[in-house]
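Every chain is numbered from 1 and lettered A, B, ... according to where its sequence line falls, protein lines coming before strand lines.
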Amino acid sequence: MTYNHQKIEKEWQKKWEEDEIYRADNNLKKPASAPQDPELRRGKDNFYCLIEFPYPSGEGLHVGHPRSYTAMDIIARKKRMEGKNVLYPIGWDAFGLPTENYAIKTGVHPKIATEKNIENFTRQLKSLGFSFDWSREINTTDPEYYKWTQWMFLQFFKHGLAYKTKMAINWCLKCKIGLANEEVVNGKCERCGGEVEKRQKEQWMIKITKYAQRLIDDLDKVDYLPRIKDQQINWIGRSEGATVKFKVKSEKLKVDIEVFTTRPDTLFGATYMVLAPEHEIIPDLKSQISNLKEVDDYIEKSKRKSDLERTELQKEKTGVDLEGIKAINPVNNEEIPVWVADYVLTGYGTGAIMAVPAHDERDLEFAKKFNLQIKKVVQPPQVIPNSPFQAGASSGAIGNLQGDIESECFSGYGMSINSDFLSGLLTLDAKEKMTEWLEKNNVGKKTVNYKLRDWVFSRQRYWGEPIPLVHCEKCAEAKPKFLFLHAFKDSSGRVFWPWLKSELEKRGFEVFAPNLPNSNKPNLKEQTKFISENFNIDDKTIIVAHSLGGVLAMKMLAENNLKAKKIIMVAPPAKTEFKDGKKRPAVEEFCDWKFNYSKIKKAVGEVVVIADKEDSVVPIEQPKEIATELNAKFVEVVAPAPHFNCVEAPMILDNILTGDILNPGWVPYEDLPVKLPDVKKYEPIDSGESPLANMQDWINVKCPKCGGEAKRETDTMPNWAGSSWYFLRYTDPKNNKEFASAEALKNFMPVDWYNGGMEHTTLHLLYSRFWHKFLYDIGVIPKECGDEPYKKRTSHGMILGEGGEKMSKSRGNVINPDEMVKLYGADTLRVYEMFMGPFDQAIPWDTKGLVGCRRFLERVWKVKMKNEKLKVAVKNEKLLKELHRTIKKVGEDIEEMKFNTAIAQMMIFINAVGEEEIDVENWKLFLQILAPFAPHLAEELWANLGNKTSIHLEKWPEHDKSLIVDEEIELIVQINGKLRDKIKIKADLGEEEAKKIVLESEKVKNWIDGKKIKQVVFVKGKLMNIVI
RNA sequence: GCCCGGGUGGUGAAAUGGUAUACACGAGAGACUUAAAAUCUCUUGACCGUAAGGUCGUGCGGGUUCGAGUCCCGCCCUGGGCACCA
């Protein structure tokens, strides 16, 4: 009988599917007895392995896909055989540009194209025999799935992490369409070859930068390949430095230009400044610029440049002096010129730099070209042998030496010179001293800067999740404004006020946060007068008041017949008796402390009182009393600091945001999902909006807040959205009440092992870690799961074309997996993809190599044939040892993803078997370790031995330790480190006995030839080196 | 320019500081066959030598070590990623 892969592979795939042998069990196998310890809580039986779910493109499966899938499949199968309840799921990341572009071209609805592609991918994946649990299949374009993606977006929105801002996007002048970076090729539109320019466009952003530090710090908690951690850290790019304010010299204008620098110690060497062409201060300066036309032309030109031109290709620096504008270096009051140049980027730091040409390569190049002053302020250290400054010395307390110290530009660390009070200091000390000086003189401060930018979350495209927001003009007009009233002795610049103000302003609200007069000796009348002169309290006003501010609010409203929309009072006192027992005469004199509650109730639409039971000043009974009297909503919280003297107070913000005050309004949860409507044309329209903007039926809705006429948001989400949480959905894919139940999440999260491509390290991996942390923070992911989604992350290398180049249609070197499966079989393809080289490296495809793997499987097949005839067990000590060595090596290599050497060892074993006969029990052990690699072949041979149940449900074999050790070994004999002889000795022979035997050897005698033995190095069971 | 990999036979590649080139491909020779394919066996880093054996050899130059493909320093080449990151 020949090895007919086509027949047996199909048969077993069908049988496995019928028997559902790869189904993961959702029930906890162990009681949740120790919820603190994730290992115990999850039960040792559960194991979650994950691959990146594919984008179902029209091209079908690439041979690169099975590399990762087979690797994790082998791991999943081994874990299953080790008795674990393995979750190995699959799904589709199906929103995105390629399908949409296909729709534009052909008119085929993306939904139809996606369905077809998924069908094809499913067939292909099933033909490879992966042990996926298909019952958990998910699809990001399924409304039942993206309902939750939308729900999560609303969580970001409500927690202030989603905001809208103007962003530069790539705009194709001909297609009139916004392009992804990927669609811009050499500065031209990939679709039509036309001009691309930068255009400012409002975009939804998600504030990932808020998590920058945590995303770095928490890498300590996880087991990722070091280079993956490195890449994430570099991408987030934390740098410590200072911001420095430079005054613009002008009679009329009072503006500062703020810069960020990592080298505040070189401030004395700053001889000019540069603004990015997009810098927002430029319009303000225009009235002072004498060469305005030249400047405008330059800005216009740089707009046309793509990032590519501005960065890589452009060697020659360009720029224009803003004539008439000078800035003042705060440290020495020198006037320096201000330039605009596109080598400075808007997105990083403040979009402006102080240029120190003597100590920065780019600044130097620019300064030379435009004849700007170069001033040395750092002396390179002398290179003295063994000094800590020696080139290459690690960057320790003294700092690292970079660059060529002989060259004109020295950007390393050294000693400050020509720098007044810094002169003579080493760079690190000089940095610190300058920062102190900046802070003392109020012209700068210590700043941590990150390269990481916020996540551009909107697309003006069709094939994505609609952003579930509604714009209502009426509500926008009725937008509330905020009045902050601070406490006794306090000011609006202290505690949580600055933070709360910026949070609300970010959401587009007007906030009036005055420093109330005489707050040490406050007087109701005086403060009321001050407010009425500066702010108009009306029915759109929301008053947020802290402590005594609450009293002010109540009295002010009641006694002046004012109307307000809402008051939020934080720890307001009702009396002048305080918890700390202190008498506060100034507070007692503030007012008469009598409250006309019924009048207050009439004056205000809604009242919220927030208080802390542990408040150190105002006993909770007082705010409670106020709340009761006013029929207010009473919220008891645990304040971050005594009496809410904290810099951030999220509970206050949360309470402000509950209610109908946000604009735009969100779609109520019960109306989710906001389904994508069918459109006829998929091109974005002339206005640059998504095609959804033309769907009148769809965009016109009732405002969920006021019931009036309103319009839907037409932007859609990027496909990173759906992929940021799909691993959570796998735990509970059919749940229609939650994105996943807490029980299901606790059952499987975090993911034990996630393998994917390096290309996803900075985007998908970072986004999903951030997304998970956010969901964790707002409490929808149980604490037990932890705030990191993946315990372990590994990466596979690319599969290149046969010439060693990337596989691509245009090169014509694409290998079709279907053809390989048909000709050689899924098992052969699987084994070859694992054998071709180290798993984490890029490897060129070689169909001849595939043939070698097929031969190996054929040999395995033939061993069985022999065994059928000869059922008599033949004992063979040598073979048995090889078998157990193989069991050991394969088991260990799988854990380390060294699949290539695992397979090599199995080949060695099969070569050793050769024509010999092997007994059935030992043969079974080999089939079991082969099963994860070649599941169909192993299953067929297993069944042929008379087994009724699947080999994949067998126990993973253990090697016999006693069979691994050799009694006799070949001792390597070296003379002066060179191999001279090999002598068979007992493995446990000691040095003295071994030496005796070695010195007997004729070869050794010849080499020593009467010379004196200086030293003998002996490694037991391995080698002896004789030094003469 | 910055960051991260990688340089070992004709090729893909093995090698806890301890026999460099396992395993596979390719090539060559042989067996089987009327023949071919398939399969099986042997050879296969370079050089010298009839042989025994020896010398050299992991991109280059140094160093540490009894011993370096592996560790350290300085270069060169190459692949990938990137947002000129101040």
Distance check needed: [N] [atom2] versus [X] [atom1], whole Å only.
{"X": "A/Asn234", "N": "B/G81", "atom1": "CG", "atom2": "P", "value": "16 Å"}
{"X": "A/Trp845", "N": "B/C25", "atom1": "CH2", "atom2": "C1'", "value": "14 Å"}
{"X": "A/Lys1003", "N": "B/U19", "atom1": "NZ", "atom2": "C1'", "value": "13 Å"}
{"X": "A/Gln905", "N": "B/C23", "atom1": "CD", "atom2": "P", "value": "10 Å"}
{"X": "A/Arg980", "N": "B/A52", "atom1": "CZ", "atom2": "C1'", "value": "15 Å"}
{"X": "A/Arg227", "N": "B/G6", "atom1": "CZ", "atom2": "C1'", "value": "11 Å"}
{"X": "A/Lys451", "N": "B/C2", "atom1": "NZ", "atom2": "C1'", "value": "7 Å"}
{"X": "A/Glu1002", "N": "B/G53", "atom1": "CD", "atom2": "P", "value": "13 Å"}

Open item on the list: Going by the glycosidic torsion and a 90 degree boundary from 0, is the base of B/G26 oriented syn or anti?
Closed with: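 In terms of base orientation relative to the sugar, B/G26 is anti.
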If you restrict it to nitrogen or oxygen atoms, what contacts under 3.5 Å exist between nucleotides 11-15 of chain B and the protein, and what is each distance?
residue, atom, partner, partner atom, Å
B/G12, O2', A/Met836, O, 2.7
B/A14, OP1, A/Asn900, ND2, 2.9

Please work out if [X] contacts a base, only the sugar-phosphate, or nothing of the nucleic acid, heavy-atom cut-off 4.0 Å.
{"X": "A/Lys1014", "answer": "nothing"}
{"X": "A/Arg854", "answer": "nothing"}
{"X": "A/Ile972", "answer": "base"}
{"X": "A/Trp1007", "answer": "sugar-phosphate"}
{"X": "A/Lys848", "answer": "sugar-phosphate"}

Open item on the list: Both A/Leu800 and A/Thr262 contact RNA chain B. Taking the nearest nucleotide for each, which residue is further toward the 5' end?
Closed with: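 Closer to the 5' end of RNA chain B: A/Leu800.
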Open item on the list: If you assign each of A/Met758 and A/Trp235 to its closest nucleotide in RNA chain B, which residue comes earlier from the 5' end?
Closed with: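 Upstream on the strand: A/Met758.
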Using Watson-Crick or G-U wobble geometry with both distances under 3.5 Å, which nucleotide pairs with [N]?
{"N": "B/U8", "answer": "none"}
{"N": "B/A86", "answer": "none"}
{"N": "B/C2", "answer": "B/G81"}
{"N": "B/G57", "answer": "none"}
{"N": "B/G69", "answer": "none"}
{"N": "B/A13", "answer": "none"}
{"N": "B/U33", "answer": "none"}
{"N": "B/G26", "answer": "B/U44"}

TODO: Check the surroundings of atom NZ in A/Lys1005: do more than 12 heavy atoms from other residues, nucleotides or ligands lie under 6.0 Å from it?
DONE: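 Check passes, neighbour count above 12.
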TODO: Look at atom NZ of A/Lys446 and say whether more than 12 heavy atoms of other residues, nucleotides or ligands are closer to it than 6.0 Å.
DONE: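 Atom NZ in A/Lys446 is not packed in, count stays at 12 or less.
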Rounding to the closest angstrom, what is the interatomic distance between [N] and [M] at atom [atom1]?
{"N": "B/A51", "M": "B/G59", "atom1": "P", "answer": "30 Å"}
{"N": "B/G54", "M": "B/C4", "atom1": "C1'", "answer": "44 Å"}
{"N": "B/U8", "M": "B/A13", "atom1": "P", "answer": "9 Å"}
{"N": "B/G10", "M": "B/G5", "atom1": "C1'", "answer": "25 Å"}
{"N": "B/C77", "M": "B/C23", "atom1": "P", "answer": "36 Å"}
{"N": "B/A27", "M": "B/U11", "atom1": "C1'", "answer": "11 Å"}
{"N": "B/U58", "M": "B/G69", "atom1": "P", "answer": "7 Å"}
{"N": "B/G9", "M": "B/A46", "atom1": "P", "answer": "12 Å"}

TODO: Determine the minimum heavy-atom distance between A/Leu937 and A/Asp827, stating which atoms define it.
DONE: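 Reported closest heavy-atom pair: N-OD2, 2.8 Å.
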TODO: Might you point out which heavy atoms bring A/Leu267 and A/Asn329 nearest each other, and give the distance in Å?
DONE: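 Shortest heavy-atom separation between A/Leu267 and A/Asn329 comes out as O-ND2, 3.0 Å.
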Side chains of residues 975-984 of chain A: which donor-acceptor partners sit under 3.5 Å, not counting sequence neighbours?
residue, atom, partner, partner atom, Å
A/Asn976, OD1, A/Ile1028, N, 3.0
A/Asp981, OD2, A/Ser1001, OG, 2.8

[X]: what forms a ring pair (Phe, Tyr, Trp, His ring centres under 6.0 Å) with it, not counting sequence neighbours?
{"X": "A/Phe899", "answer": "A/Phe839"}
{"X": "A/Phe366", "answer": "A/Tyr272, A/Trp339, A/Tyr343, A/Phe370"}
{"X": "A/Phe835", "answer": "none"}
{"X": "A/Tyr824", "answer": "none"}

Not counting sequence neighbours, list each pair that qualifies as a side-chain hydrogen bond (donor to acceptor under 3.5 Å, both in side chains) and has a residue in [range].
{"range": "residues 225-237 of chain A", "answer": "A/Gln232-A/Arg769"}
{"range": "residues 834-847 of chain A", "answer": "A/Trp845-A/Thr847"}
{"range": "residues 1017-1028 of chain A", "answer": "none"}

Open item on the list: Can you tell whether the side chains of A/Lys888 and A/Glu892 come within less than 4.0 Å, N to carboxylate O?
Closed with: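 Counted as a salt bridge, because a side-chain N and a carboxylate O are separated by less than 4.0 Å.
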- [ ] From the options B/G18, B/C4, B/C23, select the nucleotide whose nearest atom is closest to the side chain of A/Lys1022.
- [x]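 Nearest listed nucleotide: B/G18.
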Open item on the list: Donor-acceptor pair, distance only, cut-off 3.5 Å: does the side chain of A/Arg67 make one with the backbone of A/Gly797?
Closed with: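 It does hold such a pair.
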Below 3.5 Å is the cut-off: list the nitrogen or oxygen pairs between protein and nucleotides 37-47 of chain B, distance only.
residue, atom, partner, partner atom, Å
B/U39, OP1, A/Arg855, NE, 3.3
B/C40, OP1, A/Arg859, NE, 3.2

Identify all pairs in which a protein N or O lies below 3.5 Å from an N or O of nucleotides 63-67 of chain B, and state each distance.
residue, atom, partner, partner atom, Å
B/C66, O4', A/Gln1015, OE1, 3.3
B/C66, O2', A/Asn1025, ND2, 3.4
B/C66, O2, A/Asn1025, ND2, 2.6

Task: Side chain A/Arg263 and base B/A86 donor-acceptor under 3.5 Å - done: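 No, no donor-acceptor pair under 3.5 Å.
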Task: With A/Glu970 via salt bridge (charged side-chain N to carboxylate O under 4.0 Å, His left out) - residues at least two apart - done: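 Scan of A/Glu970 (salt bridge (charged side-chain N to carboxylate O under 4.0 Å, His left out), adjacent residues dropped) gives none.
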